[in-house]
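Note that these values count all heavy atoms, side chains included, but never hydrogens, waters or copies made by symmetry.
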Amino acid sequence: MSHDTLPRPTTAEKRPEQPGRRPDGRRRKHWTKRANPLAGLGSIVWLVIVLVPIYAMLSASLTGPDKALTGNPLKPPADPTLDNYNTVLHSGFWHLLSNTVIVAVTVVGIVLGLCVPLAYVAVRTRTRWSGAAFRLFLLGVAIPAQAVVVPLYLLIAKLDLYDSLLAVILPTAAFAMPVSVLVLTGTLRDISEDLYEAMALDGASPLRMLFQLTVPLAKGGISTVVIYASLQAWNGFLFPLIFTQSDEPRVLTLGLFNFVSQFGVNIPALLASVVLSGVPIFAVYLVARRALVGGLMGVGGK
């Protein structure tokens, strides 16, 4: 081929590429993240709405009883004192806390022990009956506890469980199960089918797949269920109020309710009991908050 027949370089080939320009000479579009002042302002407003009541509660719990209703509630206490916390801790608080911990741990154990296999069967067994059973089970989400409290009371009385911790544990676990199955089902659906097929080719049984494949890969959903069930058990008030009577099975929420009459004038002591009762579950939430958010994002499944 002669020199005259060679193709001439184009304009884009003659000109070196400049930063920010495409080879044809046109300027590239750079997509940058722009600050959203409205979102930032909304976050600040929401933070203030959340933190101001917490600050006021902490400040009032460090105030003497004679100064609780005087002055600016947002002003730091002039003479902070821990006498209110000392009063609460010597008024049966540890007994209430231990009962609440027992209820929360037992409810979480029951929910995990039943909901993980239920979600596994709902995902792996693709039949008409399993789908219908799963949808029927989820109807529990739409049934409020107040609507069935009378039948539950009669059932617990027939089983001779009234005025015991089991009278609080069993209904709390039952009403936490529908949402827990929904969360776990969405998490298990995100597990690749190829992993199940690989284990099946190795001769793994369904039980082995459940414990060696499903449970390790569903840690996000399991953490979400743990937080959700523990919150339901920790903050439950209706079942302890209806199904218990004596001081022995009393839990924190019912104890705080009774503190209203015990510390009817001593408002700082009441707020100190609220602070102490919220610290354990708040610590659990801080530890598992990432897993909680990640698990809730997978509720919809694939």
Q. Within the side chain of Ser230, is there an N or O that forms a donor-acceptor pair under 3.5 Å with the backbone of Ile227?
A. yes
Q.
Using every non-hydrogen atom in the two residues, find where Pro178 and Val141 come nearest and quote the distance to one decimal.
A. CB-CG2, 3.5 Å
**Q.** Set of residues satisfying ring pair (Phe, Tyr, Trp, His ring centres under 6.0 Å) with respect to Phe175, sequence neighbours excluded
**A.** Phe239
Q. By side-chain contact (heavy atoms from CB on, under 4.5 Å), which residues pair with Pro280, not counting sequence neighbours?
A. Leu97, Trp234
Q) When hydrophobic residues are tied together by side-chain contacts of less than 4.5 Å, even through go-betweens, does Leu139 share a cluster with Trp129? A) no
Q) Is the closest side-chain heavy-atom distance between Leu270 and Val88 below 4.5 Å? A) no
(Q) Just to verify, what does Thr214 make a side-chain contact (heavy atoms from CB on, under 4.5 Å) with, not counting sequence neighbours? (A) Tyr120, Leu188, Ile191, Tyr196, Leu210
Q) Do Leu195 and Leu217 have side chains that get closer than 4.5 Å, going by heavy atoms? A) yes
Q: Answer yes or no: is there a side-chain heavy-atom contact under 4.5 Å between Val121 and Phe134?
A: no
Q. Would Phe211 and Leu213 show up in the same hydrophobic cluster when neighbours are defined by side-chain heavy atoms closer than 4.5 Å?
A. yes
Q) Who passes side-chain contact (heavy atoms from CB on, under 4.5 Å) against Asp163, sequence neighbours left out? A) Thr244, Gln245, Ser246, Pro249
Q: Apply side chain to side chain donor-acceptor pair (under 3.5 Å) to Ser205 and list each qualifying residue two or more places apart in sequence or on a separate chain.
A: none
Q: Enumerate the residue pairs fulfilling ring pair (Phe, Tyr, Trp, His ring centres under 6.0 Å) with a member in residues 140-172, sequence neighbours excluded, ordered by first and then second residue.
A: Tyr153-Tyr162
Q) What salt bridge (charged side-chain N to carboxylate O under 4.0 Å, His left out) pairs are there with at least one residue in residues 232-249, not counting sequence neighbours? A) Asp247-Arg250
(Q) Applying the side-chain contact (heavy atoms from CB on, under 4.5 Å) criterion to Phe237, which one of Leu252, Thr253, Val251, Ile242 satisfies it? (A) Thr253
Q) Closest heavy-atom contact between Leu165 and Ile102? A) CD1-CG2, 4.1 Å
**Q.** Heavy-atom neighbours of Asp160 CG exceed 12 at 6.0 Å
**A.** no
Q. Would a 4.5 Å heavy-atom cut-off, applied to side chains only, mark Gln232 and Val107 as touching?
A. no
Q | Sub-4.5 Å side-chain heavy-atom contact between Thr81 and Leu62 | A | no
Q.
Quick test of your reading: applying side chain to side chain donor-acceptor pair (under 3.5 Å), list the pairs with at least one residue in residues 92-116, sequence neighbours left out, ordered by first then second residue.
A. His95-Asn99
Q: Taking all non-hydrogen atoms of both residues into account, name the closest pair between Gly221 and Val183 and its distance.
A: O-CG1, 4.1 Å
Q. If you look only at pairs with a residue in residues 167-183, which of them pass as a side chain to side chain donor-acceptor pair (under 3.5 Å), with sequence neighbours excluded?
A. none
Q) Taking C-beta and beyond as the side chain, do Ile156 and Pro171 meet within less than 4.5 Å on heavy atoms? A) yes
Q.
Can you give me the closest heavy-atom contact between Ala119 and Val181, atom names plus distance?
A. CB-O, 4.3 Å
Q. Taking only residues at least two apart or on different chains, which pairs with a member in residues 44-59 satisfy salt bridge (charged side-chain N to carboxylate O under 4.0 Å, His left out)?
A. none
Q. Could you walk me through whether Leu89 and Leu276 pass the side-chain contact (heavy atoms from CB on, under 4.5 Å) check?
A. CA-CA 9 Å; Leu89 293 176; Leu276 290 175; 3.7 Å; yes
**Q.** Qualifying salt bridge (charged side-chain N to carboxylate O under 4.0 Å, His left out) pairs with a residue from residues 108-124, counting only residues at least two apart or across chains
**A.** Arg124-Glu193
Without placing hydrogens or testing angles, list every side-chain donor-acceptor pair under 3.5 Å for residues 39-59, not counting sequence neighbours.
unit_1	atom_1	unit_2	atom_2	d
Ser43	OG	Ala39	O	2.9
Tyr55	OH	Leu74	O	2.9
Ser59	OG	Lys75	O	3.4

